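Read through the structure below, which is laid out as structure tokens, and then see the notes.
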Amino acid sequence: MPTNTSRPVRVRFAPSPTGDLHVGNIRTALFDWAYARHTGGQFIFRIEDTDTDRVTDEYIQAAIDTLKWLGLTWDEGPEVGGPYGPYLQSQRLDIYAEWASKFLANGDAYYCYCSSEELEARREAQRKANVAPGYDGKCRSISADDLARYHSEGRKPVLRMRMPDGSTTFTDAIRGEVTFDHNFVPDFVLVRGDGSPLYTLAVAVDDVMMKVTHVLRGEDLLSSTPRQIRVYQAMGVSPDEYPTFAHLPFVMGQDNAKLSKRNGEVSIAWYRDRGFLPEAICNYLALLGWSPGEDRENVTMQELTELFTVERVHSSPARFDMKKLEAINGDKIRELTLDELLKRSLPFLKRDQVITGTDAEIALVKTALPIIHERIATLAEVTPMLRFLFAENFEIEPDSLPKVADDQAQAVLKKSLEVLTPLSTWNHDSIEAALRAALIEGMELKPRIAFGAVRIAVTGSHISPPLFESMELLGSAASLARIKAAIK
RNA sequence: GGCCCCGUCGUCUAGCGGCCUAGGACUCUGGCUUCUCAAGCCAGCUACGAGGGUUCGAAUCCCUUCGGGGCUACCA
């Protein structure tokens, strides 16, 4: 990544929380964070809440919680503060107002009295005439008569930035040199009629004031960059102080369009509730638009910060693939130590009311986890896997019921009960030995047939952890009782 | 419509002029293993959007074209 100055790296993640942070936001945050950590720079978290109609306190808090949960810690921002705060744009209104009046005084900006209806009408006309739509510059100069009329009508003007003739060229760290002809960058609004600032003003002012050196953000903001640069110019920032821009490719849904509720769940909270690990989400998201090369895919958060460079970021959009996320999540779960797995599984077991959280329950879960560790892809799957161990009112799932009802299954269950009841030592070896001798050798049955019936009787499902270990964990009393209950 | 961005297996990607009859991963299919389900192992399927150049040689460079996306707000 070209560094245009020798200033220390400062990267910001600046979402506008108009809803739960989604996969695309997080991918951006992850890259921002990784770049800051990679360079030893500062990671700044700023909330862009200038759109007061759409941003809510709940969404802001949710954004903070999500970043924390993912482990993307910030050096400056909400809750931790910092030397260039406040980090909520709604608390920086006076700063924007000050710059706005400066722009007005210098002639970089001007008041525009055109009403929304008038603008819309003229835009429509432009579209029809096949001309580039955009503000036509009508209010760049206003006659005294018109001004008086506007005032008498009580019109509240917006503040508009004057775009000079010419073009803006900048070097995007991912896309290379990009040029926008100002004929297609109309004069844009900086301040609303009610005096509140717009994104375009706030983002540029803040990035300058907060000494941001690198702007890694979504590709949707690419075409707003000339406007942002125009504000820098009006602020008197010298070009070699402009931040380096890097516009990240989109994360798209299963089909073609941008990710949305329609084509895949996008809220990070949704993934957390389903038992996805934050490190798995980050690892997967890191692979969307970036790769460490050398056929590597599995990286820890630490390795991500070591390996991440903007040079290796793609310029083309990536499709989000739930299957791959699940595969990576499974890999990450298998890498967990038993204690970690236990710690992370307990909340799900409690939530699903499998356990209440007693020491005895937790101890049993801990002894059971090794046999399901490699069988689950998400933490939420611990529930269906272990529920049979704690069920007070045990029942066989409806789908499996017929499989223990036929004559052969009944014979298997009766025989099993007969050979297991006198067992003096109850562990998976003794259980297996007894059942194999009786069912496989004695009754000459296929293991999958014979054990299948016992499995359903004991665990309630034809899918379960290994049978003999499951019976050992369940204990002889409950195991035998369940077999007995399954016999007609 | 205009401006801008993008284009390698179904998906994520490796590739940055010869190592490419294009590699890895996920998915899918088949097999091995096996008490179910997984995990693991093996095998298979499938890609450089198209057309022109440049070059001894192009997935890699250039042009055109087609396709996808973004922006075109007193949203961000």
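Proteins come first, then strands; the chains are lettered A, B, ... in the order of their sequence lines, and each starts at number 1. A quick note: this is a predicted structure, and the numbers were derived from the prediction, not measured.
A/Glu48 comes within 4.0 angstrom of sugar-phosphate atoms only, judged by non-hydrogen atoms across all strands, and of no base. Across all strands shown, A/Ile328 has no heavy atoms under 4.0 Å from either base or sugar-phosphate atoms. The residue A/Val158 sits close to a base: some heavy atom pair falls under 4.0 Å. Residue contacts shown for A/Gly330 are absent, as no nucleic acid heavy atom lies under 4.0 Å away.
One C1' atom belongs to B/rU34, the other to B/rC42, and the distance between them is 16 Å to the nearest Å. Taking the C1' atom of each, B/rA59 and B/rG1 are spaced 34 Å apart, rounded to whole Å. Comparing the same atom, C1', in B/rU13 and in B/rC35 gives a spacing of 39 Å after rounding to whole Å. If you take atom C1' in B/rG44 and the same atom in B/rC26, they sit 16 Å apart, rounded to whole Å. B/rU27 and B/rA22 have their P atoms separated by 23 Å, given to the nearest Å. B/rU46 and B/rU29: their C1' atoms are spaced 12 Å apart (whole Å). Only the P atoms considered, B/rC63 is 33 Å distant from B/rG24, to the nearest whole Å. With both ends at atom C1', the span from B/rU64 to B/rG18 equals 27 Å, rounded to whole Å.
Judged by distance alone, the side chains of A/Arg274 and A/Thr378 never bring a donor and an acceptor atom under 3.5 Å apart.
Side chains of A/Leu325 and A/Phe320 form a contact here, defined as non-hydrogen atoms less than 4.5 Å apart. Between A/Asp187 and A/Arg140 there is a side-chain heavy-atom pair separated by less than 4.5 Å. For the pair A/Val203/A/Arg12, a side-chain contact is recorded, criterion being any heavy-atom separation below 4.5 Å from C-beta on. No side-chain heavy atom of A/Leu88 sits under 4.5 Å from any side-chain heavy atom of A/Glu48.
Pair assignment for B/rC56 gives B/rG18, based on Watson-Crick or G-U wobble hydrogen-bonding distances that are each under 3.5 Å. Both distances falling under 3.5 Å, in either a Watson-Crick or a G-U wobble arrangement, occur for no nucleotide opposite B/rA38. Summarising the base pairing, B/rC48 is matched to no nucleotide, lacking a Watson-Crick or G-U wobble pair whose two defining distances lie under 3.5 Å. B/rC3: Watson-Crick or G-U partner is B/rG70, with both key distances under 3.5 Å.
Proximity note for A/Asp220 (side chain, C-beta onward) versus B/rC12, B/rG70, B/rC74: the nearest is B/rG70. Here B/rU27 is the nucleotide among B/rU27, B/rC74, B/rC12 with the atom lying nearest to any side-chain atom of A/Ala327. Proximity note for A/Arg160 (side chain, C-beta onward) versus B/rG24, B/rA76, B/rC74: the nearest is B/rC74. Relative to the side chain of A/Lys323, the nucleotides B/rC28, B/rG69, B/rG24 differ in distance, and B/rC28 lies closest.
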Dump the intermediate steps for salt bridge (Lys or Arg N to Asp or Glu O under 4.0 Å) on A/Glu397 and A/Arg387, then the final yes or no.
-> CA-CA 12 Å; A/Glu397 65 179 24; A/Arg387 196 192 290 282; over 6 Å; no

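Remark: A/Arg319 is not in phosphate contact with B/rU13, judged by side-chain N or O atoms under 4.0 Å from OP1 or OP2. Contact check, A/Arg296 against B/rG24: no side-chain N or O comes under 4.0 Å of OP1 or OP2.
Side-chain atoms of A/Asn329 come within 3.5 Å of backbone atoms of A/Ala377 as a donor-acceptor pair (strictly under, hydrogens ignored). Of the possible donor and acceptor atoms, none in the side chain of A/Thr459 sits under 3.5 Å from a partner among the backbone N and O of A/Ile456. Proximity of a side-chain donor or acceptor of A/Arg175 to a complementary backbone N or O of A/His247 within less than 3.5 Å is detected.
Taking the six-membered ring for Trp, A/Phe468 and A/Phe451 have ring centres closer than 6.0 Å. Aromatic pair A/Phe308/A/Phe31: ring centres closer than 6.0 Å. Ring centers of A/Phe245 and A/His214: at least 6.0 Å apart, outside the cut-off.
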Where protein sits on nucleotides 34-50 of chain B, one letter per nucleotide: B base, S sugar-phosphate only, - none, heavy atoms under 4.0 Å | -BBBBS-----------

Could you write nucleotides 1-10 of chain B as a row of B, S and -, 5' to 3', where a protein heavy atom under 4.0 Å of any base atom gives B, of only sugar-phosphate atoms gives S, and otherwise -?
-> BSSSBSS---

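Within 3.5 Å, no donor on the side chain of A/Glu294 pairs with an acceptor on the base of B/rG24, nor the reverse.
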Between protein and nucleic acid, restricted to nucleotides 59-66 of chain B and to nitrogen or oxygen atoms under 3.5 Å apart, what atom pairs and distances do you find?
none

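Ring orientation note: the planes of A/Phe103 and A/Trp99 are tilted relative to one another, at an angle of 30° to 60°.
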